[in-house]
2 protein chains.
Amino acid sequence: MRIGELAERAGVSSRSLRYYEAQGLLPARRTANGYREYGEEDLRMVREIRTLLDLGFALEETRPFVECLRDGHEAGDRCPDSLAVYRHKLAELDACIARLGEVRERIAGQLARAAEPRCAFSPEAARRTQRTPP
Amino acid sequence: MRIGELAERAGVSSRSLRYYEAQGLLPARRTANGYREYGEEDLRMVREIRTLLDLGFALEETRPFVECLRDGHEAGDRCPDSLAVYRHKLAELDACIARLGEVRERIAGQLARAAEPRCAFSPEAARRTQRTPP
DNA sequence: GCTGGCCTTGACACCGGCGTCAAGGTCTAA
DNA sequence: TTAGACCTTGACGCCGGTGTCAAGGCCAGC
């Protein structure tokens, strides 16, 4: 199959496929006229790449998975290098989530503080600190 | 004070200050020789900008805060527009955190699955499904 | 032979917040 | 007078994955 068909079946642009090839992820055989020629196994690799990219992996991080597939494994994550990337990504995610959680709390705090007490001598504050409540 | 001093006191580069000015966030008076001239209130604005940038706000999102300060308010988040940005950012963060959490679980699942059962007919699986356990 | 659809390579654009370099102006101290 | 520390504007580079355009080759059907 040629690049247009592979692109259509994988739901990506031809441009992306050429880019993956340029990165050494998706080498393509060539027909006599110079056209790229792909097989079903290439479709699987593209799908692996897309799945991982959609999850937030960098293109470079998909390399072990693709190579794992190329080595004939039934899935891209059947190889130690792929699992290492999984673990690394997990740690990254945990750090990122923790950081975002902190930021979230900071902003929520600011929001609560900013919405309420405008000034220590505001009417509300004055009323709260009145010495002779009715 | 000139740009170098403001940069030093705020802990940012002169380049950044010029960039903020180019974005219309930090207009500067000029001395006769064309040098930018800043005051203490500019230092406050730069600090406001940096605080928000460090929290993950986009430069553009700091605009209401800076304008709030310029309007003479005691803090950048004393204005409705700033609070709106806070709320918007909170929603964004919540969505982002949720998404990352999902991804995290997906990967953790993949990792668990990939590390364990290599094949339905693996020795372990065979042992687990033996009809006559000892 | 010609049209139109596919393919090729190469190159620029995008986004955001700068870093960094160039070429030149301004001021102070020795 | 000159060194050197500061300032000015302008412009290109980066990162990553892709859109998009240009200029041209290949091929099937009419």
Side-chain angles (χ1 to χ4, degrees), chain A residues 1-39 42-43 45-66 85 88-89 92 96 99 103, chain B residues 1-39 42-43 45-66 85 88-89 92 96 99 103:
Chain A
M1 114 188 72
R2 291 181 306 185
I3 197 171
E5 186 181 345
L6 178 58
E8 175 125 11
R9 290 180 61 188
V12 307
S13 66
S14 302
R15 176 72 177 87
S16 294
L17 296 181
R18 293 196 196 97
Y19 181 68
Y20 302 156
E21 181 183 14
Q23 302 308 304
L25 277 177
L26 194 66
R29 293 157 299 279
R30 299 294 183 122
T31 57
N33 58 20
Y35 287 9
R36 274 165 263 252
E37 182 65 21
Y38 300 96
D42 294 302
L43 179 56
M45 296 192 216
V46 177
R47 292 205 167 126
E48 185 83 21
I49 292 174
R50 293 310 310 188
T51 301
L52 293 170
L53 282 190
D54 290 348
L55 283 178
F57 286 73
L59 189 55
E60 194 50 41
E61 294 175 318
T62 71
R63 192 177 299 274
F65 296 81
V66 177
V85 171
H88 182 250
K89 205 67 185 177
E92 238 180 45
C96 187
R99 155 87 179 151
V103 169
Chain B
M1 109 189 75
R2 290 180 307 185
I3 197 172
E5 187 182 343
L6 178 59
E8 175 125 9
R9 289 180 62 188
V12 307
S13 66
S14 302
R15 176 71 176 89
S16 295
L17 296 181
R18 293 197 196 96
Y19 182 66
Y20 302 156
E21 180 182 14
Q23 302 309 305
L25 277 177
L26 193 66
R29 294 157 297 282
R30 299 294 183 124
T31 58
N33 58 18
Y35 287 10
R36 273 166 264 252
E37 182 65 22
Y38 300 96
D42 294 303
L43 180 56
M45 296 193 214
V46 176
R47 291 205 168 125
E48 185 83 21
I49 293 174
R50 292 309 311 186
T51 300
L52 293 169
L53 283 191
D54 290 348
L55 282 178
F57 286 73
L59 189 54
E60 194 49 42
E61 294 174 319
T62 71
R63 191 178 299 275
F65 296 82
V66 177
V85 172
H88 182 249
K89 204 66 185 177
E92 237 180 47
C96 187
R99 155 87 179 151
V103 169

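As a basis for the values below, the full set of heavy atoms in this structure was taken, side chains included, without hydrogen atoms, waters or symmetry mates. These figures come from a predicted structure and were not determined experimentally. Within every chain, numbering begins at 1; the chains are lettered A, B, ... in the order of the sequence lines, protein sequences first and strands thereafter.
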Kindly give the heavy-atom pair with the smallest separation between V46(A) and A10(A), and that separation in Å.
-> CG1-CB, 3.5 Å
Would you tell me if any nitrogen or oxygen in the side chain of R30(A) comes within less than 4.0 Å of OP1 or OP2 on dT9(C)?
-> yes
So, for M45(A) and V66(A), which heavy atoms are closest and what is the spacing to 0.1 Å?
-> SD-CG1, 3.7 Å
Regarding the side chain of R18(A), the nearest nucleotide among dT9(C), dG17(D), dG25(C) is dT9(C)
Using a cut-off of less than 4.0 Å, is there contact between a side-chain N or O of Y19(B) and OP1 or OP2 of dG19(C)?
-> no
Provide, to the nearest angstrom, the distance between the OH atom belonging to Y38(B) and the C1' atom belonging to dC6(D).
-> 14 Å
Calculate the interatomic distance between D54(B) atom CG and dC18(C) atom P; express it in whole Å.
-> 9 Å
CA sep, side-chain torsions, deciding dist, call: R9(A), D42(A), side chain to side chain contact (heavy atoms under 4.5 Å, CB included) = CA-CA 11 Å; R9(A) 290 180 61 188; D42(A) 294 302; over 6 Å; no
One should read off an interatomic distance between L55(A) CG and E61(A) CD, to the nearest 0.5 angstrom, of 11.0 Å
Going by modelled atom types, is there a donor-acceptor pair between the base of dT8(D) and the side chain of R36(B) at under 3.5 Å?
-> no
What is the distance, rounded to the nearest whole Å, between atom CD of E8(B) and atom P of dA5(D)?
-> 15 Å
Is there a side-chain polar atom (N or O) of S16(B) under 4.0 Å from OP1 or OP2 of dG17(C)?
-> no
Contact class for S14(A) (heavy atom, under 4.0 Å): base, sugar-phosphate, or nothing?
-> nothing
Calculate the interatomic distance between E60(A) atom CD and dG17(D) atom P; express it in whole Å.
-> 9 Å
Assign each of A32(A) and L53(A) the nucleotide of DNA chain D bearing its closest heavy atom; nearer the 5' end lies the nucleotide of L53(A)
Hey, is the side chain of R2(A) poking within less than 4.0 Å of OP1 or OP2 on dC27(D), counting only N and O atoms?
-> no
In whole Å, what is the span from the CZ atom of R29(B) to the P atom of dT8(D)?
-> 13 Å
Nearest-Å distance, OH (Y35(B)) to C1' (dT9(D))?
-> 13 Å
Can you check whether N33(A) has a side-chain N or O nearer than 4.0 Å to OP1 or OP2 of dT8(C)?
-> no
Expressed in angstrom and rounded to an integer, what is the separation of Q23(A) atom CD from dG16(D) atom C1'?
-> 9 Å
Donor-acceptor contact present, side-chain R36(A) to main-chain P27(A), <3.5 Å | no
N/O (side chain, R15(A)) to phosphate O (OP1/OP2, dA11(C)) under 4.0 Å = no
Please report, rounded to the nearest Å, how far the C1' atom of dA5(D) is from the CD1 atom of I3(B).
-> 15 Å
